[in-house]
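Lettering follows sequence order; numbering is per chain, from 1.
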Amino acid sequence: MSLDTKVRVLTPENIAFEYEIAGPFQRLVAYAIDLGIRALSLFIFFCLYSLLLSAFNRTLGSALGLAPLFVAWFVLEWFYGGVFETFWNGQTPGKWVMGLRVVTVQGQPITGLQAVLRNVLRAVDGLPSVMMAVPTFLLGLVVSACNGRFQRLGDLATGTMVIRETRQMVQEVQPVWAPGLEEVMEHLHPIPPLEAAMARVIAAYVQRREQFHPQRRWEIAHPLAQALLRRWHREWEVDPDLLLLALYQRHFFGTPGTQAAETASSAAAPSWPVSPAGV
Amino acid sequence: MQRESTLVAIRERGFLEVMDLALQVLRHCAPGVVAWGLVGVVPWALLNFFLVESLWGEDLSESPESWSSLLMFQLWLASWEMPLATAGVTLYLGQRMFRPRVDHRLVVRQWCGSLGQLLLLQGLGRGMFHMFCISLFVPYWFWPYLNEVILLERNRLFGRTKESNQTHDQAPIKLGTLNRAARLHSQVVGESIFRWLVATVVGAVLLGSWSVALSVLVTWVQTKTLSPWAWMQIVFPTATWCVVVFFAVVRFLSYLDLRIRKEGWEIELQLKTQAARLAMPQV
Amino acid sequence: MNAAQYLQQRRGAWSELEQLCAQMEKSPRRLRASQIVRFSRLYRSVCADLALADAHHLPPSTVGYLHQLVARAHNLLYRSRFFRFRMWLREMLLHVPKRLFRDPYLRVAAAVFYGLFLLSYLVGWTDPSAAQTILGQQMITTMETMYDQPPRGSLFEASTMAGFYIQHNTGIGFQCFAAGLVFGIGGLLIVGVNAVVLGLVFGYMNTTEVAGNFNEFVTAHAPLELTAIVVSAAAGMRLGFAMLITGGKTRAASLRQAGSEALPVMMLAVVLFFLAALVEGYVSRADIPYEAKAAVAIVSALLLAFYLVVIGAPAPQAQNPLSHHPTWEQILHRSDSH
């Protein structure tokens with residue numbers, strides 16, 4: 001099993017899907033953004049408060065003193081994250097900018113209790129801290145590096161994790177065309193259809209091949225093409241890149257695409273002909 | 001070779017993701033990385049220790065300004081020695097990527113084999129820039145993955161650059177270290193600078209956080225404040241080298257990421273795996 | 001059917017689900033019932049698509065898209081319960097005192113705090129020079145100059161100081177709570193250190209000639225503030241020991257349950273810190289007779305005792321179902337049902 005920053009979640013419908021887990025470094029950036037927002041809003045509050053008092057009501061100012069500022073500082077320090085994560089479904093402004101979200105380890109939205117608790121417990125993840133005031137986050141870093149979900153202590157105590165949300169457009173299966181493709185596909189006729197794993201790999205190649213130099217395409221495609229020809233017991237002088245393209249086209253579409261499809265491949269509407277012939 | 005089970009899942013990642021992944025890699029290969037990190041770092045750390053010690057004896061040790069210049073001096077030294085000190089970690093990870101059991105003698109042999117190029121390019125070449133402090137500020141703008149190219153590709157310094165005509169059965173061209181590095185780093189200069197910036201900021205944050213955390217911990221244990229000497233000679237260098245080794249892991253993974261994006265390395269591995277499966281006798 | 005045809009057939013449903021997701025993310029409450037039914041039906045069909053992705057030979061990029069779509073819809077379908085004020089009120093007024101009444105951690109924390117406090121009070125009182133060496137001469141001088149006048153201040157000062165105490169003392173309480181996660185004793189350590197320092201100061205100050213001023217200042221808010229720090233340490237210990245003593249559950253599950261029990265207790269401590277700060281700001285430094293300040297202390301102590309003992313004690317209504325006097329619990333339940 002290879003290491004990756006992904007975690008599988010099983011839904012009540014018994015479907016497994018994957019979340020990308022956000023580690024300490026992505027979260028550090030979000031935290032820095034939130035810290036900036038907190039400092040800025042405290043500063044703005046300070047300006048507004050002093051402006052308001054000096055303009056309108058000096059007696060109220062002398063009665064309240066600096067108390068509102070201290071209370072605002074306190075609330076921002078301890079409840080900023082908890083309140084945002086409760087009402088924004090697991091996001092703070094910083095997390096929103098970075099595309100992060102807090103969810104439970106079952107992949108479900110968090111409750112207000114979890115949101116507040118995990119934010120209060122950040123104090124212990126910040127240890128060892130200088131004079132109990134300036135956190136270094138060494139403990140949080142070590143703990144989150146030691147478990148597969150990058151959970152800090154506050155996350156472990158509340159059963160939450162931070163995931164990265166991705167928004168993708170649906171990826172069309174694009175038909176391909178290259179000079180000589182039809183001919184190669186003719187030759188493929190007696191060959192049995194591909195297995196699913198092989199088809200996936202070839203699709204991955206075809207979707208990326210545009211970015212590579214032809215020489216590099218040859219380097220990548222050559223070993224598989226040789227192995228396939230050997231398996232089919234065929235002596236066949238064929239460009240390995242073209243062979244994989246033909247296999248892809250046959251597997252996913254059944255017929256050769258047209259040159260028009262190749263040029264209009266980025267168009268939104270599916271304009272290519274779809275043949276009823278199954279694989 | 002069993003290609004299917006690489007140490008990390010091969011896919012494209014952003015730089016922050018790469019750093020997060022480095023933590024997972026550290027967790028899984030902690031003994032190897034720490035051991036090879038120590039082997040590489042200890043000689044240089046000792047060298048720096050004695051260099052700073054010789055300066056410490058003089059009147060440098062009193063005023064705060066000279067402390068900061070001593071700190072900068074240590075950082076300057078460490079950033080010069082970094083590629084040479086972390087070569088073992090890179091070689092170890094290079095093997096560990098594909099097989100669960102690492103041949104440690106092979107690491108030593110490859111290290112010795114690449115020593116010439118390392119000293120020439122990373123020691124002397126970078127040292128030239130380093131003398132003028134250029135590479136302190138821009139150490140990784142140009143050819144940031146030169147170390148990985150030297151150690152993992154193990155080409156000769158100069159290769160045959162003749163482009164042979166394309167046929168369906170051509171052999172891959174033999175590239176030298178310099179060609180390969182130039183080719184790898186071309187067209188990614190902007191991204192390299194961006195990654196270097198992020199790495200510098202994160203590295204500075206980590207260095208600050210770890211050195212402060214270490215000194216707080218030491219203070220708690222010995223229940224008295226640290227002496228400036230202990231901070232300068234023990235705590236700060238320890239934190240520095242920890243950051244350097246961590247970033248060796250990050251650089252290795254970032255190099256893989258670059259090759260994935262530029263050369264479709266993950267596709268190549270997948271196709272090779274399928275080819276190997278086809279070559280096996282069918283059950 | 002080949003993959004292209006399959007995709008062609010399904011993509012309408014996928015984009016419809018995507019649109020519904022976007023709509024739900026924007027305004028979750030403005031969705032019609034029929035849309036919600038449609039949403040869950042589409043969600044199930046996309047789940048099925050993901051499960052059958054292999055059977056339909058979908059390419060990896062499409063599978064990646066489906067993972068992302070299922071995750072997004074899943075997160076919306078099982079959306080969280082919003083914050084409910086009534087629920088929290090019941091938790092704070094009913095469950096928390098009951099939990100605290102039989103809480104071993106509260107007893108331990110209180111014993112540690114008051115034990116150490118008394119001990120160091122005696123040390124400071126009987127041997128002022130020892131207090132001087134432990135606390136440091138600098139702190140002693142500061143304390144003495146601070147109390148060489150009776151504690152007075154303008155309204156501006158009172159408010160400012162009340163705000164400062166809210167920010168500072170509650171922060172210490174939170175740290176005490178969070179530090180409990182370090183094997184349960186982290187918070188106890190902070191409480192212990194605080195108890196020793198406070199005890200020494202109290203003991204030492206009572207040997208000096210400014211003792212009157214000092215006592216006048218500390219009397220009014222002492223019950224609230226000292227209880228608050230003990231309660232926050234106890235809440236932290238509950239968390240930390242849940243990690244060590246799991247009671248047959250997994251460590252994570254035990255920690256999670258302790259978390260849902262400990263946070264309301266910590267919120268009680270926050271309320272107490274707030275009240276203490278208000279008393280410390282407005283009463284302790286007010287120009288009123290000492291008896292009034294002592295009365296505030298006694299009233300607040302009695303209220304605390306009522307909260308912890310009268311509400312907290314196990315209710316006897318089980319034996320006496322026909323009682324004419326409704327219990328506290330019944331009153332709250334009744335108000336809940338309106």
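- A distance-only check finds no donor-acceptor pair linking the side chain of B:Ser254 to the backbone of B:Val250 [under 3.5 Å].
- When each of A:Arg164, A:Arg230, A:Arg27 is scored by its heavy-atom pairs under 4.5 Å with chain B, the top score falls to A:Arg164.
- Side chain of A:Thr160 to main chain of A:Leu156: no donor-acceptor pair is present (N/O by atom type, distance under 3.5 Å, no hydrogens or angles).
- When each of A:Arg216, A:Arg209, A:Arg208 is checked for a salt bridge (Lys or Arg N to Asp or Glu O under 4.0 Å) with B:Glu268, only A:Arg216 meets the rule.
- Only the side chain of B:Val216 has a heavy atom closer than 4.5 Å to any heavy atom of chain A.
- Only the side chain of A:Leu244 comes within contact range of chain B, with heavy atoms under 4.5 Å apart.
- Taking the six-membered ring for Trp, A:Tyr31 and A:Phe137 have ring centres closer than 6.0 Å.
- Of the two parts of B:Glu266, only the side chain, counted from C-beta on, holds a non-hydrogen atom closer than 4.5 Å to a non-hydrogen atom of chain A.
- In terms of heavy-atom pairs under 4.5 angstrom with chain B, the leader among A:Leu127, A:Leu138, A:Val134 is A:Leu138.
- Within the 4.5 angstrom heavy-atom criterion, atoms from both the backbone and the side chain of A:Ala197 approach chain B.
- In the displayed structure, A:Arg8 atom CZ is contacted under 6.0 Å by more than 12 heavy atoms of other residues, nucleotides or ligands.
- A perpendicular orientation is assigned to the rings of A:Tyr19 and A:Phe17, their planes being inclined by more than 60° (bins at 30° and 60°).
- Contact of A:Tyr205 with chain B is made through backbone and side chain together, with heavy-atom distances under 4.5 Å.
- No side-chain donor-acceptor contact under 3.5 Å links A:Asp155 to the backbone of A:Met161.
- When each of A:Pro223, A:Cys146, A:Pro135, A:Ala204 is scored by its heavy-atom pairs under 4.5 Å with chain B, the top score falls to A:Cys146.
- Only the side chain of B:Leu206 has a heavy atom closer than 4.5 Å to any heavy atom of chain A.
- Contacts between B:Val25 and chain A at a heavy-atom distance below 4.5 Å involve backbone atoms as well as side-chain atoms.
- Looking at A:Asp241, neither its backbone nor its side chain comes within 4.5 Å of chain B, counting heavy atoms on both sides.
- Contact count against chain A (heavy-atom pairs under 4.5 Å) is highest for B:Gln24 among B:Gln24, B:Met19, B:Arg13.
- In summary, the side chains of B:Asp20 and A:Thr5 do not present any donor paired with an acceptor at a separation below 3.5 Å, with no hydrogens or angles considered.
- For A:Ser144, no part lies near chain B; criterion is any non-hydrogen pair under 4.5 Å.
- B:Phe252 and B:Glu148 make their closest contact through N-OE2, 3.9 Å (heavy atoms, listed as atom of the first residue, atom of the second, distance).
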